[in-house]
Every structure is written in C-alpha cells, then in structure tokens.
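As structure tokens, the structure follows; a few thoughts come after it.
Heavy atoms only: backbone and side chains are in, while hydrogens, waters and symmetry mates are out. Residue numbering restarts at 1 for every chain, and letters A, B, ... go by the order of the sequence lines.
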Amino acid sequence: MKLSLSYYRQNNVVEIARDLIGKEIFTNFNGILTSGIISETEAYAGITDKASHAFGGKRTQRTETMFLNGGRIYVYLCYGMHKMLNIVTGPKETPHAVLIRSIVPKAGIEFMKERTGKTSLVNISNGPGKLCKALGIEMKHNNISLLGNEIWIKDLDFTYEIKGYEIEGYGIKATKRIGIDYAGEDAKLPYRFVID
DNA sequence: CTTTAGATCGTCT
DNA sequence: GACGATCTAAAGG
C-alpha cells in the first residue's frame with residue numbers, strides 16, 4: 001500500500017533511507033505510468049550534515065522545499081543537465097531528504113526505453129540522473145506531494161522477479177556517499193544504502 | 001578493463 | 001562568473 005504522511009514525517013532520515021530500499025516508486029505523468037524498485041539511496045541529514053544543501057540552516061529558493069513538511073519530492077538540477085530526485089522527510093523546518101540513486105525498472109518499461117533512448121534494461125536507471133530520465137521527472141515536479149496521483153511510493157508485501165533481476169531475500173549494505181568529497185568528515189558517514 | 005574530457009544550466013555569490 | 005549529490009563516448013592498456 002501507498003506510504004503515508006506519518007511515514008514520511010518520522011524524524012530519522014537515515015533509517016528511512018535504509019527502509020526505502022526494496023520499495024516501489026511510481027510516476028504517472030500525462031497518463032504514462034512507470035515504476036521501479038528502489039535499490040540505492042542516500043540520506044542527507046538536514047542542517048548538521050555538511051553534504052546537505054541545507055547545511056547550517058541555509059535557506060534559499062532552492063532549498064526551501066526541504067524545509068517543508070515530509071511527504072513531497074525535492075528535485076534539483078545537477079551538472080547543468082541531470083535532475084536529482086529526493087524524498088523530503090521529517091517534520092516542517094527539519095530539512096531532511098533521501099536521494100534516490102538507483103531503481104530496478106518494473107512498470108512501463110517500454111516508456112522508460114522511449115524516454116532514455118535505450119533498447120535494453122541494462123543501465124537504464126542505475127544512477128540518480130538516469131532514473132529521473134526513466135521516470136520522466138523534470139524540474140517542474142519539484143515540491144509535488146507523494147500522496148497525490150503523479151508520484152508515490154508503495155510498500156511491498158511480496159517479492160519480485162524482473163527480467164532476470166531477482167530481488168528476494170536481499171541484504172542491505174551501508175557505505176559512504178558518492179560525489180560529496182567537499183563535505184569533510186561527513187563524507188565518511190555510512191549514509192548510502194545499497195542492495196547487497 | 002580503466003581513464004578522461006566534454007556536455008550544459010539553475011543557483012548562489 | 002563559478003560550480004556541481006552526473007553521464008557518456010572515446011581512447012588507451
């Protein structure tokens with residue numbers, strides 16, 4: 001079933017990042033439904049985390065979304081061409097977010113191929129920029145609710161097998177985050193979660 | 001297999 | 001004006 005507001009408003013962003021592994025994220029834009037199983041995440045822990053856009057309580061037009069209450073998405077542009085998808089968590093004024101870094105495609109695979117120009121599922125959504133392309137996520141989707149009919153996340157109570165990718169009885173490994181060497185000591189925190 | 005350059009633009013200073 | 005929570009293609013070993 002669809003994850004609820006009370007789920008997103010829990011205050012432990014690192015635990016939520018770990019828990020989101022194995023859940024299914026959907027988008028439904030203009031009648032085109034696509035989804036994938038979340039297989040890699042990273043937690044960004046608000047104002048105390050040097051790697052977070054909201055570090056030190058930094059409020060700008062861009063980071064404002066993270067300060068709102070949990071249960072919406074934060075989309076931003078990286079390197080001038082890639083959209084990044086984040087799940088805003090925690091209560092209002094607590095700018096926690098979970099970056100979705102990889103999904104295993106499930107629903108609407110033909111649409112994903114069309115959006116990415118790829119002919120196979122290999123490497124189609126295994127990266128934060130790539131999954132946004134596969135799911136059709138654009139800058140204009142920043143700030144939209146995860147309880148509406150355009151994007152949502154579902155808990156799974158059974159296992160999946162998708163075109164050779166088996167997601168069953170998996171383990172979850174914690175590692176340091178990617179691409180945040182500027183964050184000093186915080187770059188070493190085990191805030192990245194992957195299926196193992 | 002690994003390394004490297006180049007693409008490209010919203011956001012902040 | 002500088003810089004990314006990245007990706008790809010191309011070249012080299």
Whether the A/Ser4 and A/Arg9 side chains hold a donor-acceptor pair (N or O, under 3.5 Å, no angle test) is what I'd like checked. no
To the nearest Å, how far apart are A/His53 NE2 and C/dC3 C1'? 11 Å
Looking at A/Arg101, I'd like to know whether one of its side-chain N or O atoms comes within less than 4.0 Å of OP1 or OP2 on C/dT6. yes
Would you list the protein and nucleotides 3-5 of chain B atom pairs, both N or O, that sit under 3.5 Å from each other?
none

Under 4.5 Å between side-chain heavy atoms, counting indirect links through other Ile/Leu/Val/Met/Phe/Trp/Tyr residues: same cluster for A/Leu68 and A/Met139 or not? no
Hydrogens and angles aside, do A/Tyr8 and A/Gln10 bring a side-chain donor and acceptor to less than 3.5 Å of each other? no
Separation of C/dA5 P from A/Arg177 CZ (nearest whole Å): 11 Å
Length of the line joining A/Asp181:CG and C/dC3:C1', which is rounded to integer Å: 15 Å
Does any pair with a residue in residues 50-77 of chain A pass salt bridge (charged side-chain N to carboxylate O under 4.0 Å, His left out), and if so which ones, sequence neighbours excluded? A/Arg59-A/Glu64, A/Arg59-A/Glu93
Under 4.0 Å, counting only non-hydrogen atoms across every strand here, what does A/Lys118 touch: a base, just sugar-phosphate, or nothing? sugar-phosphate
Nearest-angstrom distance from the residue atom CG of A/Asn143 to C1' of B/dG10: 16 Å
Residue pairs involving residues 179-195 of chain A (criterion side chain to side chain donor-acceptor pair (under 3.5 Å); sequence neighbours excluded): A/Glu40-A/Arg192, A/Thr175-A/Arg192, A/Glu185-A/Lys188
Atom-pair distance (CD1 on A/Ile124; P on C/dC7), nearest Å: 14 Å
Cluster check A/Val75, A/Ile25: I/L/V/M/F/W/Y, side chain < 4.5 angstrom: yes
Winner on side-chain proximity to A/Tyr76, out of C/dT6, B/dT13, C/dA5, is C/dA5
Is A/Leu146 linked to A/Tyr74 within one hydrophobic cluster, defined over Ile, Leu, Val, Met, Phe, Trp and Tyr using a side-chain heavy-atom separation of less than 4.5 Å? no
A/Ile100 CD1 to C/dT6 P, in whole Å, measures 14 Å
Paired with A/Ile124, the side-chain contact (heavy atoms from CB on, under 4.5 Å) test is passed by just one of A/Arg115, A/Lys113, A/Lys130, namely A/Lys113
Would you mind reading off the distance between A/His141 atom NE2 and B/dG10 atom C1', rounded to a whole angstrom? 17 Å
With a cut-off of 6.0 Å (strictly less than), are more than 12 heavy atoms of other residues, nucleotides or ligands near NZ of A/Lys176? no
Taking Watson-Crick (N1-N3 plus N6-O4 or O6-N4) and G-U wobble (N1-O2, O6-N3), each under 3.5 Å, can you produce the dot-bracket string of DNA chain B? Use [ ] for crossing pairs and | for inter-strand ones. |||||||.||||.
Rounded to the nearest Å, what distance is computed from the CZ atom of residue A/Arg62 to the P atom of nucleotide B/dT13? 10 Å
Tell me the ring pair (Phe, Tyr, Trp, His ring centres under 6.0 Å) pairs involving residues 111-144 of chain A, sequence neighbours left out? A/Phe29-A/His141
Write out a two-atom table: protein N or O, nucleotide N or O from nucleotides 6-9 of chain B, distance below 3.5 Å.
residue, atom, partner, partner atom, Å
B/dT8, O2, A/Tyr79, O, 2.7
B/dC9, O4', A/Gly80, O, 3.1

Examine C/dA5: is either OP1 or OP2 under 4.0 Å from a nitrogen or oxygen in the side chain of A/Lys83? Give yes or no. no
From the candidates C/dG4, C/dC7, B/dT11, the one with an atom nearest any side-chain atom of A/Lys130 is C/dC7
Hey, are A/Ser102 and A/Asn126 close enough side-chain-wise for a donor-acceptor pair under 3.5 Å? no
Taking OP1 and OP2 of C/dA5, is either one under 4.0 Å from a side-chain nitrogen or oxygen of A/Tyr74? no
Exceeds 12 heavy-atom contacts within 6.0 angstrom, atom NZ of A/Lys2: yes
